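In this text the structure is predicted, and so the values were computed from the model without any measurement. Reminder, nothing fancy here: chain letters follow the sequence lines and each chain counts from 1.
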Amino acid sequence: MASSTIRLVFSYEGDQVSLESAQRVEMLPLPSHAVSGYDGEAGFWVEVRDGADRVLHRRVLHEPMPHSVEVFPESADDQFTQAPVAEPRGSFDVIVPDIPGAQVVGVFASLPEPAPPAESAVDAAARVSAGRIRPAREIARFPLPAEDGE
Amino acid sequence: MMTATDGQVMGATQIVSNGSPARRFNLVLVSEGYQAGQMAQFATDAQSFVDALFATAPFTQMRCAFNVYRVDVTSTDSGADDPTACGGGGGAVATFFDASFCNSGIRRLLVCDSTAVRNVVTAQVPQWHQILVLVNSPVYGGSGGAIATFAVNGNWQQVALHEMGHAAYGLADEYEYWAGCGADAPGTQDHHPAGEPGQPNVTLNTDRATIKWGGLIAAATALPTMANPDCAQCNRGASPVPTGTVGAFEGAHYYHCGAYRPEYECRMRDIGFEFCAVCMQTIRKTMDPFMDRQIGPWVGVQFTGVVAAGAGRTWFTFNWPAVWQVVWLVVPTTPRPGAPQIAWRTRVERAGADVITYWITITNLTPSDVAIEARYAILSGFGVC
(Lines give C-alpha, C1' and ligand atoms only; values in the text may rest on other atoms or scores of the structure.)
Protein backbone atom coordinates (compact mmCIF):
# COMPACT_ATOMS: atom_id res chain seq x y z
CA MET A 1 0.00 0.00 0.00
CA ALA A 2 1.65 3.22 -1.10
CA SER A 3 1.26 6.29 1.04
CA SER A 4 1.77 9.99 0.67
CA THR A 5 4.94 11.53 1.94
CA ILE A 6 6.44 14.98 2.04
CA ARG A 7 9.94 15.48 0.68
CA LEU A 8 11.56 18.26 2.67
CA VAL A 9 14.65 19.92 1.26
CA PHE A 10 16.73 21.86 3.78
CA SER A 11 19.71 24.09 3.24
CA TYR A 12 22.22 24.98 5.94
CA GLU A 13 25.14 27.24 6.57
CA GLY A 14 26.96 26.71 9.84
CA ASP A 15 24.25 26.08 12.44
CA GLN A 16 21.53 27.88 10.48
CA VAL A 17 19.05 25.68 8.67
CA SER A 18 16.28 26.69 6.29
CA LEU A 19 13.44 24.77 4.72
CA GLU A 20 13.78 25.29 0.97
CA SER A 21 10.85 23.22 -0.26
CA ALA A 22 8.20 20.74 0.80
CA GLN A 23 6.78 18.54 -1.93
CA ARG A 24 4.19 15.80 -1.59
CA VAL A 25 5.19 12.57 -3.31
CA GLU A 26 3.42 9.21 -3.55
CA MET A 27 6.09 6.97 -2.07
CA LEU A 28 6.95 5.09 1.09
CA PRO A 29 8.93 6.91 3.79
CA LEU A 30 11.60 5.23 5.87
CA PRO A 31 10.01 3.98 9.10
CA SER A 32 9.98 6.00 12.29
CA HIS A 33 12.50 5.57 15.05
CA ALA A 34 11.33 5.53 18.68
CA VAL A 35 9.24 8.59 19.49
CA SER A 36 10.03 8.54 23.20
CA GLY A 37 12.85 7.60 25.53
CA TYR A 38 15.65 9.51 23.81
CA ASP A 39 16.07 12.49 26.14
CA GLY A 40 19.66 13.64 26.28
CA GLU A 41 20.79 11.60 23.29
CA ALA A 42 23.30 13.00 20.87
CA GLY A 43 23.02 13.02 17.12
CA PHE A 44 20.65 14.42 14.53
CA TRP A 45 17.00 13.75 13.87
CA VAL A 46 13.81 15.31 12.61
CA GLU A 47 10.48 15.09 14.39
CA VAL A 48 7.01 15.47 12.92
CA ARG A 49 4.70 16.89 15.58
CA ASP A 50 0.98 17.55 15.84
CA GLY A 51 -0.80 20.64 17.12
CA ALA A 52 -0.43 19.42 20.72
CA ASP A 53 3.32 19.07 20.21
CA ARG A 54 3.19 15.27 20.32
CA VAL A 55 5.83 13.48 18.30
CA LEU A 56 4.17 11.49 15.50
CA HIS A 57 7.28 10.43 13.58
CA ARG A 58 11.00 10.66 14.22
CA ARG A 59 13.83 9.83 11.86
CA VAL A 60 17.46 9.70 12.97
CA LEU A 61 19.92 10.83 10.31
CA HIS A 62 23.68 10.51 10.21
CA GLU A 63 25.10 14.02 10.24
CA PRO A 64 23.32 15.71 7.33
CA MET A 65 24.89 19.03 8.43
CA PRO A 66 28.44 17.76 8.83
CA HIS A 67 31.15 19.85 10.39
CA SER A 68 33.57 17.14 9.35
CA VAL A 69 33.83 14.81 6.40
CA GLU A 70 34.73 11.17 6.07
CA VAL A 71 37.79 10.66 3.91
CA PHE A 72 37.67 7.33 2.12
CA PRO A 73 40.28 4.59 2.44
CA GLU A 74 42.09 3.80 -0.78
CA SER A 75 42.27 0.07 -0.11
CA ALA A 76 40.67 -2.46 2.17
CA ASP A 77 43.77 -2.25 4.37
CA ASP A 78 43.46 1.51 4.83
CA GLN A 79 41.27 3.37 7.32
CA PHE A 80 38.44 5.82 7.04
CA THR A 81 39.45 9.13 8.60
CA GLN A 82 37.70 12.36 9.50
CA ALA A 83 38.64 15.93 8.64
CA PRO A 84 36.98 19.20 9.74
CA VAL A 85 35.05 21.25 7.20
CA ALA A 86 36.11 24.88 7.21
CA GLU A 87 32.76 26.38 6.21
CA PRO A 88 29.88 23.93 6.66
CA ARG A 89 27.17 24.58 4.10
CA GLY A 90 24.99 22.51 1.83
CA SER A 91 21.58 20.89 1.63
CA PHE A 92 19.87 17.67 2.59
CA ASP A 93 16.58 15.89 2.06
CA VAL A 94 14.25 14.24 4.53
CA ILE A 95 11.18 12.25 3.56
CA VAL A 96 8.47 12.22 6.21
CA PRO A 97 5.03 10.61 6.15
CA ASP A 98 2.08 12.85 5.40
CA ILE A 99 0.26 12.17 8.67
CA PRO A 100 -3.18 13.64 9.36
CA GLY A 101 -2.85 16.25 12.09
CA ALA A 102 0.87 16.77 11.57
CA GLN A 103 1.68 20.46 11.77
CA VAL A 104 5.39 21.04 12.18
CA VAL A 105 8.76 19.45 11.60
CA GLY A 106 11.49 20.05 14.17
CA VAL A 107 15.18 19.69 13.42
CA PHE A 108 17.36 18.45 16.30
CA ALA A 109 21.13 18.40 16.17
CA SER A 110 24.30 18.02 18.19
CA LEU A 111 26.55 20.76 16.93
CA PRO A 112 30.03 21.94 17.88
CA GLU A 113 30.83 25.27 19.47
CA PRO A 114 31.52 28.01 16.92
CA ALA A 115 35.09 28.06 15.72
CA PRO A 116 37.28 30.66 17.42
CA PRO A 117 39.52 32.86 15.27
CA ALA A 118 42.80 31.35 14.15
CA GLU A 119 41.98 27.87 15.41
CA SER A 120 44.64 25.20 14.96
CA ALA A 121 43.84 22.02 13.06
CA VAL A 122 44.23 19.96 16.24
CA ASP A 123 41.86 22.23 18.16
CA ALA A 124 39.36 22.16 15.28
CA ALA A 125 39.36 18.38 15.26
CA ALA A 126 38.81 18.22 19.02
CA ARG A 127 36.04 20.82 18.91
CA VAL A 128 34.17 19.17 16.05
CA SER A 129 34.67 15.67 17.42
CA ALA A 130 33.29 16.65 20.84
CA GLY A 131 30.49 18.70 19.35
CA ARG A 132 28.84 15.80 17.58
CA ILE A 133 28.15 14.04 20.89
CA ARG A 134 26.64 16.92 22.83
CA PRO A 135 22.97 16.30 23.66
CA ALA A 136 20.94 17.26 20.63
CA ARG A 137 18.84 20.43 20.80
CA GLU A 138 16.10 21.74 18.56
CA ILE A 139 17.76 24.11 16.13
CA ALA A 140 14.79 24.88 13.90
CA ARG A 141 11.09 24.26 13.50
CA PHE A 142 9.04 24.70 10.34
CA PRO A 143 5.33 24.41 9.55
CA LEU A 144 4.39 21.55 7.27
CA PRO A 145 2.38 22.46 4.18
CA ALA A 146 -1.37 22.35 4.38
CA GLU A 147 -3.04 19.36 2.80
CA ASP A 148 -3.37 20.80 -0.67
CA GLY A 149 -0.62 23.38 -0.54
CA GLU A 150 3.08 23.58 -1.03
CA MET B 1 31.19 26.41 -13.50
CA MET B 2 28.50 24.18 -14.89
CA THR B 3 26.79 25.46 -17.99
CA ALA B 4 24.19 24.11 -20.35
CA THR B 5 26.97 23.28 -22.77
CA ASP B 6 28.75 21.05 -20.27
CA GLY B 7 26.58 18.08 -21.12
CA GLN B 8 23.09 16.72 -21.47
CA VAL B 9 20.54 14.73 -19.50
CA MET B 10 19.77 11.71 -21.66
CA GLY B 11 17.10 10.13 -19.43
CA ALA B 12 16.51 7.41 -16.86
CA THR B 13 16.70 3.63 -17.31
CA GLN B 14 15.37 1.22 -14.72
CA ILE B 15 17.97 -1.50 -14.19
CA VAL B 16 16.31 -3.33 -11.28
CA SER B 17 12.54 -3.45 -11.41
CA ASN B 18 10.31 -4.76 -8.65
CA GLY B 19 7.10 -2.93 -9.25
CA SER B 20 5.71 0.49 -8.56
CA PRO B 21 8.20 3.05 -7.26
CA ALA B 22 5.47 4.06 -4.84
CA ARG B 23 6.11 0.82 -2.94
CA ARG B 24 9.88 0.28 -3.24
CA PHE B 25 13.13 1.80 -2.06
CA ASN B 26 14.28 3.71 -5.10
CA LEU B 27 18.04 3.91 -5.57
CA VAL B 28 19.35 6.17 -8.33
CA LEU B 29 22.82 6.01 -9.90
CA VAL B 30 23.81 9.15 -11.80
CA SER B 31 26.71 9.63 -14.20
CA GLU B 32 29.17 12.51 -13.96
CA GLY B 33 32.23 13.08 -16.11
CA TYR B 34 31.23 10.49 -18.71
CA GLN B 35 31.33 11.71 -22.28
CA ALA B 36 28.60 10.61 -24.69
CA GLY B 37 30.83 7.89 -26.05
CA GLN B 38 31.47 6.57 -22.53
CA MET B 39 27.87 5.89 -21.51
CA ALA B 40 28.23 2.16 -22.09
CA GLN B 41 31.00 2.27 -19.49
CA PHE B 42 28.65 4.05 -17.10
CA ALA B 43 26.08 1.30 -17.61
CA THR B 44 28.76 -1.26 -16.76
CA ASP B 45 29.88 0.71 -13.69
CA ALA B 46 26.30 1.08 -12.46
CA GLN B 47 25.68 -2.62 -12.90
CA SER B 48 28.85 -3.40 -10.95
CA PHE B 49 27.42 -1.55 -7.95
CA VAL B 50 24.10 -3.36 -8.26
CA ASP B 51 25.98 -6.67 -8.31
CA ALA B 52 27.99 -5.66 -5.23
CA LEU B 53 24.88 -4.49 -3.39
CA PHE B 54 22.95 -7.69 -3.87
CA ALA B 55 25.98 -9.83 -3.04
CA THR B 56 26.19 -8.13 0.38
CA ALA B 57 24.22 -9.34 3.38
CA PRO B 58 21.52 -8.50 4.29
CA PHE B 59 20.69 -7.11 0.82
CA THR B 60 21.06 -10.65 -0.54
CA GLN B 61 17.63 -11.32 0.92
CA MET B 62 15.90 -8.10 -0.04
CA ARG B 63 16.46 -7.49 -3.73
CA CYS B 64 12.69 -7.29 -4.17
CA ALA B 65 12.57 -4.20 -1.96
CA PHE B 66 14.59 -2.15 -4.45
CA ASN B 67 14.05 -0.41 -7.69
CA VAL B 68 17.34 0.81 -9.14
CA TYR B 69 17.55 3.48 -11.82
CA ARG B 70 20.40 4.74 -13.93
CA VAL B 71 20.20 8.40 -14.89
CA ASP B 72 22.38 8.97 -17.94
CA VAL B 73 23.94 12.43 -18.02
CA THR B 74 26.68 13.13 -20.51
CA SER B 75 29.50 15.60 -19.95
CA THR B 76 31.57 17.54 -22.43
CA ASP B 77 34.77 16.33 -20.83
CA SER B 78 35.75 13.20 -18.96
CA GLY B 79 36.73 13.13 -15.28
CA ALA B 80 36.59 15.83 -12.61
CA ASP B 81 38.53 18.95 -11.65
CA ASP B 82 41.73 18.05 -9.80
CA PRO B 83 43.24 21.26 -8.39
CA THR B 84 46.98 21.56 -7.90
CA ALA B 85 46.34 23.19 -4.50
CA CYS B 86 45.87 19.70 -3.07
CA GLY B 87 48.56 18.06 -5.10
CA GLY B 88 46.32 17.19 -8.01
CA GLY B 89 47.24 17.28 -11.65
CA GLY B 90 45.51 20.61 -12.21
CA GLY B 91 42.93 19.32 -14.63
CA ALA B 92 39.89 21.61 -15.04
CA VAL B 93 37.21 19.84 -17.05
CA ALA B 94 33.74 20.76 -18.25
CA THR B 95 31.34 18.31 -16.62
CA PHE B 96 27.61 18.51 -16.09
CA PHE B 97 27.63 18.51 -12.26
CA ASP B 98 30.97 20.32 -11.91
CA ALA B 99 32.61 17.56 -9.84
CA SER B 100 35.88 18.55 -8.18
CA PHE B 101 38.44 17.09 -5.84
CA CYS B 102 40.17 19.17 -3.16
CA ASN B 103 37.08 20.38 -1.34
CA SER B 104 37.91 21.85 2.09
CA GLY B 105 41.52 21.45 1.05
CA ILE B 106 41.27 17.65 1.13
CA ARG B 107 42.65 15.96 -1.97
CA ARG B 108 40.32 12.95 -1.89
CA LEU B 109 37.18 14.91 -1.05
CA LEU B 110 35.27 14.77 -4.32
CA VAL B 111 32.07 16.81 -4.39
CA CYS B 112 29.67 17.82 -7.13
CA ASP B 113 26.82 20.33 -7.36
CA SER B 114 24.33 18.45 -5.20
CA THR B 115 21.53 20.90 -5.94
CA ALA B 116 21.88 20.27 -9.67
CA VAL B 117 21.98 16.52 -9.03
CA ARG B 118 18.85 16.70 -6.90
CA ASN B 119 17.01 18.72 -9.53
CA VAL B 120 17.93 16.37 -12.37
CA VAL B 121 17.08 13.21 -10.41
CA THR B 122 13.83 14.60 -9.02
CA ALA B 123 12.74 15.37 -12.59
CA GLN B 124 13.64 11.86 -13.77
CA VAL B 125 12.78 9.72 -10.70
CA PRO B 126 10.59 11.79 -8.36
CA GLN B 127 10.31 8.99 -5.80
CA TRP B 128 14.04 8.60 -5.14
CA HIS B 129 15.35 7.66 -1.69
CA GLN B 130 19.11 7.56 -2.25
CA ILE B 131 21.35 8.95 -4.95
CA LEU B 132 24.86 7.78 -5.80
CA VAL B 133 26.82 9.93 -8.23
CA LEU B 134 29.41 7.91 -10.15
CA VAL B 135 32.29 10.08 -11.31
CA ASN B 136 34.35 8.80 -14.19
CA SER B 137 37.78 9.61 -12.79
CA PRO B 138 40.95 7.58 -12.29
CA VAL B 139 41.73 9.72 -9.22
CA TYR B 140 40.52 8.09 -6.03
CA GLY B 141 37.99 9.93 -3.86
CA GLY B 142 34.41 10.74 -3.02
CA SER B 143 32.06 12.03 -0.33
CA GLY B 144 29.07 10.77 1.63
CA GLY B 145 25.54 11.98 2.27
CA ALA B 146 22.10 11.38 0.79
CA ILE B 147 23.65 12.43 -2.50
CA ALA B 148 26.92 10.52 -2.21
CA THR B 149 29.69 10.86 -4.77
CA PHE B 150 32.32 8.30 -5.77
CA ALA B 151 35.16 8.24 -8.24
CA VAL B 152 34.72 4.94 -10.01
CA ASN B 153 37.95 3.15 -9.22
CA GLY B 154 39.52 1.08 -6.46
CA ASN B 155 37.15 -0.14 -3.75
CA TRP B 156 34.44 2.37 -4.57
CA GLN B 157 31.57 -0.13 -4.39
CA GLN B 158 32.61 -1.20 -0.89
CA VAL B 159 32.94 2.39 0.28
CA ALA B 160 29.54 3.17 -1.25
CA LEU B 161 27.96 0.42 0.84
CA HIS B 162 29.46 2.00 3.98
CA GLU B 163 28.11 5.40 2.95
CA MET B 164 24.66 3.91 2.31
CA GLY B 165 24.90 2.59 5.86
CA HIS B 166 25.09 6.21 7.02
CA ALA B 167 22.72 7.89 4.60
CA ALA B 168 19.91 5.39 4.20
CA TYR B 169 20.05 3.53 7.51
CA GLY B 170 21.40 6.10 9.97
CA LEU B 171 24.32 3.93 11.08
CA ALA B 172 27.23 5.49 12.95
CA ASP B 173 30.91 5.04 12.28
CA GLU B 174 32.26 2.30 14.52
CA TYR B 175 35.92 3.18 14.23
CA GLU B 176 37.65 4.46 17.34
CA TYR B 177 39.73 7.37 16.06
CA TRP B 178 39.34 10.64 14.20
CA ALA B 179 42.32 11.28 11.95
CA GLY B 180 43.56 7.70 12.13
CA CYS B 181 44.98 5.29 14.68
CA GLY B 182 48.19 6.90 15.91
CA ALA B 183 47.47 10.08 13.97
CA ASP B 184 45.22 11.85 16.47
CA ALA B 185 46.65 14.56 18.69
CA PRO B 186 47.47 13.07 22.12
CA GLY B 187 44.51 13.03 24.47
CA THR B 188 41.88 14.20 21.97
CA GLN B 189 40.18 10.87 21.28
CA ASP B 190 40.92 8.93 24.48
CA HIS B 191 37.55 8.96 26.27
CA HIS B 192 34.10 9.36 24.76
CA PRO B 193 32.32 12.20 26.59
CA ALA B 194 28.94 11.60 28.20
CA GLY B 195 25.97 11.58 25.85
CA GLU B 196 24.43 8.44 24.41
CA PRO B 197 24.66 8.48 20.61
CA GLY B 198 21.30 8.30 18.88
CA GLN B 199 22.50 5.83 16.27
CA PRO B 200 21.64 2.14 16.75
CA ASN B 201 25.13 0.64 16.44
CA VAL B 202 27.20 2.52 19.02
CA THR B 203 26.60 2.98 22.74
CA LEU B 204 28.11 4.08 26.02
CA ASN B 205 26.02 1.49 27.88
CA THR B 206 27.28 -1.97 28.85
CA ASP B 207 24.33 -2.94 31.04
CA ARG B 208 23.00 -6.24 29.72
CA ALA B 209 19.44 -5.32 30.67
CA THR B 210 19.36 -2.01 28.82
CA ILE B 211 22.00 -2.06 26.07
CA LYS B 212 20.45 -1.19 22.69
CA TRP B 213 21.23 -4.51 21.07
CA GLY B 214 20.72 -6.70 24.13
CA GLY B 215 18.45 -9.07 22.25
CA LEU B 216 21.39 -10.18 20.11
CA ILE B 217 23.81 -10.84 22.99
CA ALA B 218 24.11 -14.43 24.21
CA ALA B 219 23.82 -14.95 27.94
CA ALA B 220 27.32 -16.43 28.06
CA THR B 221 28.96 -13.42 26.38
CA ALA B 222 30.77 -11.15 28.83
CA LEU B 223 29.95 -7.42 28.92
CA PRO B 224 31.99 -5.55 28.07
CA THR B 225 33.28 -8.20 25.75
CA MET B 226 36.56 -6.47 24.99
CA ALA B 227 38.04 -3.54 26.87
CA ASN B 228 40.79 -1.23 25.75
CA PRO B 229 43.63 -1.42 28.31
CA ASP B 230 45.29 1.75 27.00
CA CYS B 231 42.88 4.56 26.25
CA ALA B 232 45.69 6.64 24.77
CA GLN B 233 45.55 4.56 21.61
CA CYS B 234 43.42 2.28 19.45
CA ASN B 235 43.15 -1.30 20.58
CA ARG B 236 43.85 -3.45 17.55
CA GLY B 237 44.44 -6.58 19.62
CA ALA B 238 42.81 -9.86 18.67
CA SER B 239 39.19 -10.46 19.55
CA PRO B 240 38.70 -12.61 22.66
CA VAL B 241 35.61 -14.23 21.16
CA PRO B 242 34.83 -15.98 17.87
CA THR B 243 34.02 -13.92 14.77
CA GLY B 244 30.36 -12.97 14.71
CA THR B 245 29.92 -12.80 18.47
CA VAL B 246 27.70 -9.87 19.45
CA GLY B 247 28.70 -8.09 22.65
CA ALA B 248 30.20 -4.73 23.55
CA PHE B 249 33.67 -4.01 22.17
CA GLU B 250 35.32 -0.89 23.53
CA GLY B 251 36.47 1.63 20.96
CA ALA B 252 33.86 3.21 18.72
CA HIS B 253 32.33 6.46 17.49
CA TYR B 254 35.76 8.14 17.13
CA TYR B 255 36.98 7.38 20.69
CA HIS B 256 39.39 4.79 22.07
CA CYS B 257 37.46 4.22 25.30
CA GLY B 258 34.00 4.73 26.77
CA ALA B 259 32.06 3.89 23.60
CA TYR B 260 31.24 0.39 22.40
CA ARG B 261 30.48 -1.32 19.10
CA PRO B 262 28.48 -4.55 18.74
CA GLU B 263 31.05 -6.82 17.07
CA TYR B 264 34.78 -6.85 16.69
CA GLU B 265 34.51 -6.08 12.99
CA CYS B 266 31.86 -4.46 10.84
CA ARG B 267 31.61 -2.67 7.52
CA MET B 268 30.88 0.50 9.51
CA ARG B 269 34.38 0.16 10.98
CA ASP B 270 36.41 -1.22 8.06
CA ILE B 271 35.37 -1.73 4.45
CA GLY B 272 36.95 -5.17 4.30
CA PHE B 273 34.19 -6.74 6.39
CA GLU B 274 30.47 -7.50 6.30
CA PHE B 275 27.89 -5.51 8.22
CA CYS B 276 27.66 -6.71 11.84
CA ALA B 277 24.47 -8.31 13.15
CA VAL B 278 23.20 -5.08 14.70
CA CYS B 279 23.70 -3.10 11.49
CA MET B 280 22.03 -5.89 9.50
CA GLN B 281 19.08 -5.87 11.86
CA THR B 282 18.77 -2.10 11.46
CA ILE B 283 18.87 -2.41 7.68
CA ARG B 284 16.24 -5.15 7.74
CA LYS B 285 13.90 -3.09 9.92
CA THR B 286 14.34 -0.07 7.67
CA MET B 287 13.73 -2.04 4.49
CA ASP B 288 10.81 -4.07 5.85
CA PRO B 289 8.10 -1.64 4.65
CA PHE B 290 9.49 -1.89 1.12
CA MET B 291 9.12 -5.65 0.94
CA ASP B 292 6.03 -7.64 0.07
CA ARG B 293 3.92 -8.59 3.02
CA GLN B 294 3.11 -12.21 3.61
CA ILE B 295 -0.65 -12.55 3.87
CA GLY B 296 -1.13 -15.61 5.88
CA PRO B 297 -0.06 -17.70 7.47
CA TRP B 298 0.81 -20.15 4.73
CA VAL B 299 -0.17 -23.61 5.93
CA GLY B 300 0.23 -27.03 4.38
CA VAL B 301 1.46 -30.62 4.67
CA GLN B 302 5.14 -31.01 3.91
CA PHE B 303 5.32 -34.83 4.06
CA THR B 304 3.40 -37.95 5.04
CA GLY B 305 4.58 -41.45 5.97
CA VAL B 306 4.42 -44.38 8.33
CA VAL B 307 6.44 -44.87 11.49
CA ALA B 308 6.86 -48.49 12.49
CA ALA B 309 5.65 -49.75 15.85
CA GLY B 310 7.86 -48.56 18.68
CA ALA B 311 10.36 -47.05 16.26
CA GLY B 312 11.55 -43.58 15.29
CA ARG B 313 11.97 -42.01 11.87
CA THR B 314 13.53 -38.74 10.68
CA TRP B 315 12.55 -36.54 7.77
CA PHE B 316 14.21 -33.33 6.67
CA THR B 317 13.19 -30.43 4.51
CA PHE B 318 15.78 -28.03 3.17
CA ASN B 319 16.41 -24.65 1.53
CA TRP B 320 13.66 -22.87 3.42
CA PRO B 321 14.33 -19.12 3.57
CA ALA B 322 15.80 -18.12 6.89
CA VAL B 323 13.57 -15.05 7.06
CA TRP B 324 10.46 -17.24 7.31
CA GLN B 325 9.13 -17.89 10.78
CA VAL B 326 8.00 -21.51 10.71
CA VAL B 327 5.95 -23.61 13.12
CA TRP B 328 5.83 -27.42 12.68
CA LEU B 329 3.09 -29.77 13.85
CA VAL B 330 3.04 -33.55 13.36
CA VAL B 331 -0.22 -35.46 13.78
CA PRO B 332 -1.15 -39.15 13.47
CA THR B 333 -3.59 -39.99 10.70
CA THR B 334 -4.17 -43.57 11.91
CA PRO B 335 -7.01 -43.53 14.46
CA ARG B 336 -6.16 -45.23 17.78
CA PRO B 337 -8.18 -43.78 20.66
CA GLY B 338 -7.08 -43.85 24.28
CA ALA B 339 -3.47 -42.67 24.45
CA PRO B 340 -0.89 -40.52 22.71
CA GLN B 341 0.50 -42.23 19.59
CA ILE B 342 3.52 -40.15 18.67
CA ALA B 343 6.04 -37.63 19.93
CA TRP B 344 8.24 -35.51 17.73
CA ARG B 345 11.06 -33.08 17.95
CA THR B 346 12.33 -30.50 15.50
CA ARG B 347 16.01 -29.75 15.05
CA VAL B 348 17.20 -26.86 12.94
CA GLU B 349 20.28 -26.42 10.77
CA ARG B 350 21.44 -23.06 9.38
CA ALA B 351 22.54 -24.60 6.10
CA GLY B 352 23.61 -21.31 4.54
CA ALA B 353 23.51 -17.59 5.12
CA ASP B 354 19.95 -17.41 3.86
CA VAL B 355 18.55 -20.93 4.23
CA ILE B 356 17.40 -23.33 6.92
CA THR B 357 17.10 -27.12 7.01
CA TYR B 358 14.54 -28.57 9.42
CA TRP B 359 15.06 -32.10 10.77
CA ILE B 360 11.92 -33.67 12.23
CA THR B 361 12.22 -36.94 14.17
CA ILE B 362 8.99 -38.77 14.96
CA THR B 363 8.76 -41.52 17.58
CA ASN B 364 5.93 -44.06 17.53
CA LEU B 365 4.78 -44.62 21.14
CA THR B 366 2.49 -47.53 20.30
CA PRO B 367 2.88 -51.27 19.45
CA SER B 368 1.29 -50.63 16.01
CA ASP B 369 2.42 -48.79 12.88
CA VAL B 370 1.20 -45.19 12.76
CA ALA B 371 0.66 -43.03 9.67
CA ILE B 372 1.52 -39.38 10.15
CA GLU B 373 1.46 -36.08 8.39
CA ALA B 374 3.80 -33.17 9.10
CA ARG B 375 2.15 -29.79 8.82
CA TYR B 376 3.74 -26.37 8.66
CA ALA B 377 2.57 -22.84 9.27
CA ILE B 378 4.74 -20.03 7.93
CA LEU B 379 4.24 -16.89 10.01
CA SER B 380 6.29 -14.18 8.39
CA GLY B 381 7.48 -11.54 10.81
CA PHE B 382 9.40 -9.71 8.09
CA GLY B 383 8.57 -8.96 4.54
CA VAL B 384 9.55 -11.60 2.05
CA CYS B 385 11.15 -11.67 -1.36
Check your understanding: Out of curiosity, B/Glu174 CD to A/Phe80 CZ, how far, rounded to the nearest 0.5 Å?
Key -> 11.5 Å
Check your understanding: Which answer fits B/Arg269, side chain, backbone, both or neither, if we ask what part of it has an atom under 4.5 Å from a heavy atom of chain A?
Key -> backbone
Study note, to complete from the structure: Applying a strict 4.5 Å limit to non-hydrogen atoms, the region of B/Gln158 in contact with chain A is neither
Review point. Who wins among B/Gly105, B/Gly198, B/Gly195, B/Ala167 for the most heavy-atom pairs under 4.5 Å with chain A?
Key: B/Gly198
Review point. With distance as the sole test, does B/Gln127 use its side chain to make a donor-acceptor pair with the main-chain N or O of A/Val25 at under 3.5 Å?
Key: no
Review point. How far does CZ of A/Phe72 sit from OG1 of B/Thr149, to the nearest 0.5 angstrom?
Key: 8.0 Å
Review point. Which bit of B/Phe290 comes within less than 4.5 Å of chain A, counting heavy atoms only: side chain, backbone, both or neither?
Key: both
Practice item. For the pair B/Gln199 and A/His62, evaluate side chain to side chain contact (heavy atoms under 4.5 Å, CB included) and give the outcome as yes or no after the intermediate values. Key: CA-CA 8 Å; B/Gln199 295 99 328; A/His62 178 76; 3.5 Å; yes
Review point. At their closest point, which heavy atom of A/Asp78 faces which heavy atom of B/Asp270, and how far apart are they?
Key: O-OD1, 4.3 Å
Check your understanding: How would you list all residue pairs meeting salt bridge (Lys or Arg N to Asp or Glu O under 4.0 Å) that involve residues 33-50 of chain A, not counting sequence neighbours?
Key -> A/Glu41-A/Arg58, A/Glu47-A/Arg49, A/Arg49-A/Asp53, A/Asp50-A/Arg54
**Study point:** Heavy-atom pairs under 4.5 Å with chain A, option from B/Pro21, B/Ser114, B/Gly154, B/Pro197 with the top count
**Key:** B/Pro197
Practice item. Measure distances from B/Tyr169 to the heavy atoms of chain A and classify the residue's part below 4.5 Å as side chain, backbone, both or neither. Key: backbone
**Study point:** salt bridge (Lys or Arg N to Asp or Glu O under 4.0 Å) contacts touching residues 97-112 of chain A (sequence neighbours left out)
**Key:** A/Arg24-A/Asp98
Point to revise | Most chain B-contacting option - heavy-atom pairs closer than 4.5 Å, from A/Arg134, A/Glu87, A/Arg59 | key: A/Arg59
Check your understanding: Taking B/Asp184, B/Asp173, B/Thr115 one by one, which has the highest count of heavy-atom pairs under 4.5 Å against chain A?
Key -> B/Asp173
Check your understanding: When heavy-atom pairs shorter than 4.5 Å are enumerated against chain A, which of B/Val159, B/Thr188, B/Asn26 gives the highest number?
Key -> B/Val159
Exercise for review: Please look at A/Glu63 and chain B and tell me whether the side chain, the backbone, both or neither of the residue comes under 4.5 angstrom of a heavy atom of that chain.
Suggested key: side chain
Exercise for review: Enter the distance from B/Tyr175:OH to A/Gln79:CD here, rounded to the nearest 0.5 Å.
Suggested key: 9.5 Å
**Study point:** Exercise: identify the closest heavy-atom pair between B/Pro126 and A/Arg7
**Key:** O-NH2, 2.9 Å
Practice item. Side chain from CB out, backbone as N, CA, C, O: work out which of these in B/Ala194 comes under 4.5 Å of a heavy atom of chain A, or both, or neither. Key: backbone
**Study point:** Contacting region of A/Val85 [heavy-atom separation from chain B under 4.5 Å]
**Key:** both
Point to revise | Pairwise distance NE2(B/His129) to CG(A/Leu30) - rounded to 0.5 angstrom | key: 5.5 Å
Check your understanding: Using non-hydrogen atoms only, which part of B/Ser143 is less than 4.5 Å away from chain A: side chain, backbone, both, or neither?
Key -> backbone
Point to revise | Residue among B/Ala179, B/Gly144, B/Gly165 with most heavy-atom pairs under 4.5 Å to chain A | key: B/Ala179
Exercise for review: Could you tell me which portion of B/Leu171 (side chain, backbone, both or neither) has an atom closer than 4.5 angstrom to a non-hydrogen atom of chain A?
Suggested key: backbone
Practice item. For atom CD of A/Gln16, decide whether the heavy atoms of other residues, nucleotides or ligands shown that lie under 6.0 angstrom number more than 12. Key: no
Check your understanding: Counting heavy-atom pairs under 4.5 Å to chain A, which of B/Ala172, B/Ala185, B/Gly187, B/Pro193 comes out on top?
Key -> B/Pro193
